[in-house]
Amino acid sequence: MRSTSHRSGALVADPPPADDVPASGRSSVPSSVLLVEDDEGDALIVRRLVAAAGGIEVAVVRRLDEAREHLVAHTVQCVLLDLSLPDARGLDTVEGVRSADPDVAIVVVSGLNDEDMAVASLQRGAQDYLTKDEIDGRSLWRAIRYAVERKRSELLIRYQANHDALTGLANRLLFMERLRAAVARLARHGSHVAVLFLDLDHFKWVNDSLGHDAGDELIMEVAARLAAALRPEDVAARLGGDEFLVLVEDVRAELDAALVAERIHRMLEEPFLVRGLELRLTASVGISLSGDPGVQADALVRDADAAMYRAKALGRDRSELFDAGLRHLAQTRLQMENDLRRAVDRGEFVVHYQPVVELEEGRLVGAEALVRWCHPSGTLLPPDRFMALAEETGLIVPIGDFVLRTACEQLRVWERRAGFVPALSVNLSSVQVADPGLGRRIGGIIAAAGVDPASLCLEVTETTILGEAAASLDRLRELRGLGVRLGIDDFGTGYSSLTYLKRYPFEVLKVDRSFTAGLGVNADDAAIVEAIVGLARVLAMEVIVEGVETETQRAWLRHLGCTRAQGFLFAAPAPADQLDRWPLAE
Ligand code: C2E
Ligand code: CA
Ligand code: CA
């Protein structure tokens, strides 16, 4: 079996045509054999033996260079190879055939009964070793057939080790091999190599809401489009998940690489049809360019990855070129990640509480627990400085546990003090909700603290449920089963889907502070808040408005029928003892 694409070493982007992929189950009777033998008498015998088996076409050449020419020009499944030829001897003949056609099976037919030579030939890539005096028609035919099968499975195994099973694109292993080869060639050429790191935006939502099969379909379609958008000599690889790498050689300048990225963005613009749904996808792309000839393949991939992160941070659906500033950023991020891990080990977090008040008289009805990081530098870092990193690294899970444990201890203090116990809200990140063990862990923490779960409200944002659809619904119901209340946070900023409100067991709805900011300024915002309040009333949900900073806003909210709120007008988040000074609701 021949495959020009494998040998040229370039075309990896295209999923290989069906018969380029060695098929495992398929077996085929060999039909074309090349006999390389300079002894005419031997050639005649072997040829007769093969011909006797029937159905196999035999071509005969006398020299290695003739054999190599023949292999380039014709499709041959098996070479019967004599080890002593006029222009090559011994293992060099095996090597010579293999380098002319790496996909052809080789059966050595030698005059020498030499075990060492037999083993060495197999190690060099021959599939079998026969000695001339022991072959007969049947054994020769069988040797050819088995050699072809062995070669086929060898190719299949190699193919599988080098390709992504879902898309047929190269995998990381093959990509790095190609990249290292390209980098090695750089020293000789004056041009650059570009690496593009591509990550689909919000792909997780597709997987979570439409299922993994639909996600796989989409990935396959993206891979096909990616391959089509590239030149045959470019290499596209899938790293797994929704991450792809592209290698572009012979790049003259940044512009060339940016143009490739542009092509990739454009090829995604056409909507994707999956399960009868029209989906739109975008990608964030990071680009790194080989600056100096001494550049390392690993560094190029790492830099492209860092640039991709920046593209995400800058709003996704865009490309970013790696530069020295980014390297600094990447280092800072790494440093920050180390610091955050250490902070978790050392317990460098504290929980502050922001009062939730009733609007009429400003009395305390509840509080929201908000985490802060006591950074070793002495500053108290707000969550927006480390929350994204905590989620990416999964550190939010131990941090979230700490917040809940601390909040429960606080609840316990309030419970012991007779009288009114404020409702306490704790935020849950989507990463926590994605964890199947969430219910068990939260149940454990509540039980250990011995508090009334009804006093606790767990807040999740709209995007959490959107991204997690079915699984999150189960998990949230499980939490509800523990007796805690559930709240939907930042309402109005995401999809604000009524279906979700109806389907999910939420009892509290928190209106995002962006609407509060518009009260008295923007008529639409007042209308939206009024509509949300009406909606919540119908669904028997409690509404808490966030971010109240002025008396004007408070007056508006009362006018619109809101009863509960939090915001700097009343109090900023602060340590728990601040709440003790607050006038309590009845
Ligand atoms: P959030 O849940 O929407 O929390 C309310 C945020 O609004 C808090 O920011 C609070 O300080 C701020 N805020 C309160 N009143 C006002 C106001 O009148 N004006 C303005 N401009 N802001 C106000 P913070 O503490 O920086 O927290 C930011 C976000 O970080 C939170 O938003 C929440 O999503 C997340 N977060 C905080 N603590 C935790 C936690 O323990 N776990 C998780 N998963 N997320 C947390
Ligand atoms: Ca919240
Ligand atoms: Ca909020």
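Every number for a ligand or one of its atoms is a count from 1 in the order of the listing.
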Arg266 with Glu269: basic N within carboxylate O range, under 4.0 Å: no
- prompt: Charged N to carboxylate O below 4.0 Å: is that the case for Arg341 and Glu337?
  reply: yes
Tell me which N, O or S atom from [X] is the closest to the Ca ion (ligand 2).
{"X": "Asp489", "result": "OD2"}
{"X": "Glu368", "result": "OE2"}
{"X": "Glu459", "result": "OE1"}

Below the 3.5 angstrom mark, is there an N/O of [X], backbone or side chain, next to an N/O of ligand 1?
{"X": "Asp384", "value": "no"}
{"X": "Pro382", "value": "no"}
{"X": "Val371", "value": "yes"}

- prompt: Can you check whether Asp298 reaches Met176 side chain to side chain, under 4.5 Å on heavy atoms?
  reply: yes
- prompt: Below 4.5 Å, heavy atoms only, C-beta onward: do Ile287 and Ser319 meet side chain to side chain?
  reply: yes
Hey, does [X] sit under 4.0 Å from ligand 1 if you only count heavy atoms?
{"X": "His352", "answer": "no"}
{"X": "Pro573", "answer": "yes"}
{"X": "Gln566", "answer": "no"}
{"X": "Glu368", "answer": "yes"}
{"X": "Gln432", "answer": "yes"}

- prompt: Does NZ or CZ of Arg225 fall inside the cone over Phe272's six-membered ring, less than 6.0 Å from its centre and within 45° of the axis?
  reply: yes
Taking the minimum heavy-atom distance to [atom], which of [options] ranks first?
{"atom": "atom 36 (N) of ligand 1", "options": "Gln354, Gln553, Met387", "value": "Met387"}
{"atom": "atom 42 (N) of ligand 1", "options": "Val431, Asn427, Thr550", "value": "Asn427"}
{"atom": "atom 24 (P) of ligand 1", "options": "Ala388, Ala574, Pro383, Ala407", "value": "Pro383"}

- line: Residues passing the salt bridge (charged side-chain N to carboxylate O under 4.0 Å, His left out) test with Asp201, sequence neighbours excluded, are Lys312
query: How about Asn427: does one of its N, O or S atoms come closer than 3.0 Å to the Ca ion (ligand 2)?
result: yes
Qualifying residue for salt bridge (Lys or Arg N to Asp or Glu O under 4.0 Å) with Asp435, from Arg441, Arg475, Arg440: Arg441
- prompt: Without hydrogens or angle criteria, can the side chains of Glu368 and Asn427 be said to hold a donor-acceptor pair below 3.5 Å?
  reply: yes
For ligand 1, indicate whether the residue [X] contacts it via side chain, backbone, both or neither (heavy-atom separation under 4.0 Å).
{"X": "Asp490", "result": "side chain"}
{"X": "Val403", "result": "side chain"}
{"X": "Asp489", "result": "side chain"}

field: Nearest non-hydrogen partners of Ala214 and Val274, listed with the distance
entry: CB-CG1, 3.7 Å
message: If you count heavy atoms of other groups shown closer than 6.0 angstrom to CZ of Arg385, is the number above 12?
response: no
field: With sequence neighbours excluded, residues passing side-chain contact (heavy atoms from CB on, under 4.5 Å) with Phe402
entry: Phe349, Val351, Thr406
